[in-house]
Amino acid sequence: MSAPYNAWRSATSRLILIYGALFAGWGLILVGIIHWESSRYLNGVVDQMLLQRMQYLAATDAQRLPATVDAASRIDPHGIMSVGLFDASGHALAGNIARLPAALTVGDGVHLLEQGMPRPDRPAETTRARAVATRLPDGRLLVLAKDTRTVDGLGAVIRNALLWAISLTVIPGVLGGFLLRRGPARRIRALQQATEPIRRGDLAKRLPVSHRGDELDQLATIVNAMLGEIERLMGEMKSVCDNIAHDLRTPLTGLRARLYRARQQLEARPEAAMVDACMADIDAVLTRFRALLRVSELEDGHRRTCFGAVDLGEVLRQVHDFYAPLAEEQGLRFTLELSALPPFRGDPPLLFEALTNLVANAVKFTPAGGRVALRAAAEAGAVRIEVVDSGPGIPEHEREAVTRRFYRGDNSRCTPGSGLGLSIVSAIARLHDLTLDIGDNGGAGTRIGLYGRLGGDARGEASRPARASVRHAADAGLAAG
Amino acid sequence: MPTVLVIEDDEVTAREIVTELGAHAIRADWVADGRAGLERAAGGGYDLITLDRMLPGLDGIGVVAALRRMQVDTPVLMISALSDVDERVRGLRAGGDDYLTKPFAPDEMAARVEVLLRRRRQPESNRLQVADLELDLVRHVAHRNGQQLNLLPTEYRLLEFLMRNAGQALTRSMIFETVWGYHFDPGTNVIDVHIARLRRKLEGAGPPLIHTVRGTGYMLALPES
């Protein structure tokens, strides 16, 4: 049977997940590049500005420099721009920088100070800063710095935007993906259901193809074309088999007739036994051919003309009556268990034929001293006809195969028979919309049952839709036996 | 000597039928065409007609239907390559008395012809008798040597068929068709067991009456024959 449907096995789900991950990853990289590029650009602008200002201050008259530095530091109420003038030994002379930070290098262009610029007016703040220090010709040190909060703020803005974008993309994406996945999943289930009768051998069935013409439809069309070809080949094989059986019957019957005449002339001479054996062999072959053609005839399924209300109880009584002497002869207890049965729509001779085949098998394979029961019951609009025996039973792995043409179980190799009995039963069951089921009789023996619905059409002539029922007589079984 | 009209377009089959019937002391005339066959049959003088289902001119169903319309009640054995049960039903419904599928064993064909001939010759009676065996067709009881036999309904029907055709070899499929009323191949051993049971019941009261006919089936006949 098929594995339970797994949501994460769905090709769509997987595609959506992989695609989503790629998309998110690519988004991150893209935003990272934007972040990096814009930071670099802004830093460049800041650096440019710092260098310009440094140039301007350095060009100021040496006497007025401390005053200018102080003036510049006063117009910085937010602590963004730092400016300071230090003497050669590093003591602050002017500006808003408390002391020279250790990480500051002189004459090395603009660089980043992770610890920020120590400010006497903001002792607690350690915002990163970009700084530049220049040694003036008189040995004093001029320091300029601008903290990076603008650039960092931009980073935060970009990060937030990224988070929003991802949540706005991923959440509807996952939801949408889930919804999208349901469509194909439903269609896969429909395809799976459509294959059930095909798997059971009804090769006339096809997979549903929608008008969309998408990948699933293309696949279904390919499979349907394949099924058509298989059906054609199976049909050809079947008709070849039938033709062989049909054509060989005439010469074999002629041969048998000649042997019969020879036998009559031989009378009691010793050669007579050999002729008898030949005739018995020919009869066995002819029986097989007859059965084979009978299966084909039944499978063609044109036989609903003789359908009418059937007294199943009466048919079962006849079957019991017919087989009781043989069962008794073989030391078996053969019982008939009937409950009240409403009329069933069918063909009495066919039902008789099917049931005698089932009983024949039970009687054939149950050892002496065993039991065989033929029983029928109707309940809740369903009918159940079963043949149960205390014989060796049919192994589970052979249960489907036994209804195929010529299949003979390991236990039956030494027993005479056409190997077509269950194929005949299967074909008759199908004509009656009955399901043929093979099981065991409570752990031992065999239970073969025909199960069907009684429905209200015991009288009506309305043609019923051909419900999917057993059709095991797959011609592939020719090899067995 | 009974005379049979063989309406059959296949020469090989026709010759086979004529030869086999000859071996059973039955004279046979052969006609290969449906229309000519109908004319001959309507002219009377035949005890039985074997009729091919598919014929040039007028087919077998048409011939038998026309005969019955003309109130000709000569028994008709339909012989057909169509084995479908529906075809059998159609043939019998049109007025055929028995139906045999091609290819057939000649002895089976002859046996069926003889059974049909005998049915026609048999006078209406309330009882059948073969040697010391008596069958009361009204009360459905059998006696042998004045001793009543305890028969089940199936055994009674089987005995009736055998007694009606005493001295005639009957195939298993003829027995199955007449006694059980079904037309398929039930396998030989089931019928054999039914015969064996009946045989035992008969032999409880006298010498064997039911004989096995090798390669064909069974025959109820006098112990001497």
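So you know, we letter chains A, B, ... as the sequences are listed, proteins then strands, and number each from 1.
- A side-chain donor-acceptor contact under 3.5 Å links A/Thr287 to the backbone of A/Asp283.
- Remark: the backbone N or O of A/Ser239 is paired with a side-chain donor or acceptor of A/Asn243 at under 3.5 angstrom.
- You'll find the side chain of B/Pro186 stays beyond 4.5 Å of the side chain of B/Trp180, heavy atoms only.
- A donor-acceptor pair under 3.5 Å is formed between the side chain of A/His320 and the backbone N or O of A/Phe334.
- Note: A/Arg249 leads A/Arg290, A/Glu329, A/Arg249 in heavy-atom pairs under 4.5 Å with chain B.
- Using a 4.5 Å cut-off between heavy atoms, A/Asp276 contacts chain B through its side chain alone, with no backbone atom that close.
- Residue contact with chain B, scored on non-hydrogen atoms closer than 4.5 Å, involves the side chain of A/Thr356 exclusively.
- A/His432 places a side-chain N or O within 3.5 Å of a backbone atom of A/Asp347 that can act as its donor or acceptor partner.
- Taking the ring pair (Phe, Tyr, Trp, His ring centres under 6.0 Å) definition, one finds that B/Tyr46 meets it with nothing, sequence neighbours left out.
- Residues of residues 198-209 of chain B lying under 4.5 angstrom from chain A, judged on non-hydrogen atoms, are B/Arg200 by number.
- Comparing B/Pro103, B/Ala23, B/Ala81, B/Pro106 by how many heavy-atom pairs each has under 4.5 Å with chain A, the most go to B/Pro103.
- In this structure, a donor-acceptor pair under 3.5 Å is present between the side chains of B/Ser173 and B/Glu108.
- Put simply, the side chain of A/Arg371 never gets that close to the backbone of A/Arg333: no donor and acceptor are under 3.5 Å apart.
- A salt bridge links B/Asp97 with B/Arg68: at least one charged nitrogen is closer than 4.0 Å to a carboxylate oxygen.
- In this structure, B/Phe161 has its ring center at least 6.0 angstrom away from the ring center of B/Tyr218.
- Within the 4.5 angstrom heavy-atom criterion, no atom of B/Leu152 approaches chain A.
- Sorted by first then second residue, the salt bridge (charged side-chain N to carboxylate O under 4.0 Å, His left out) pairs that include residues 161-170 of chain B, not counting sequence neighbours, are B/Glu160-B/Arg164.
- Looking at B/Trp30, its side chain never comes within 3.5 Å of a backbone N or O of B/Arg15 through a donor-acceptor pair.
- The contact list for residues 256-264 of chain A toward chain B, using heavy atoms and a distance under 4.5 Å, reads A/Arg256, A/Ala257, A/Tyr260, A/Arg261, A/Arg263 by residue number.
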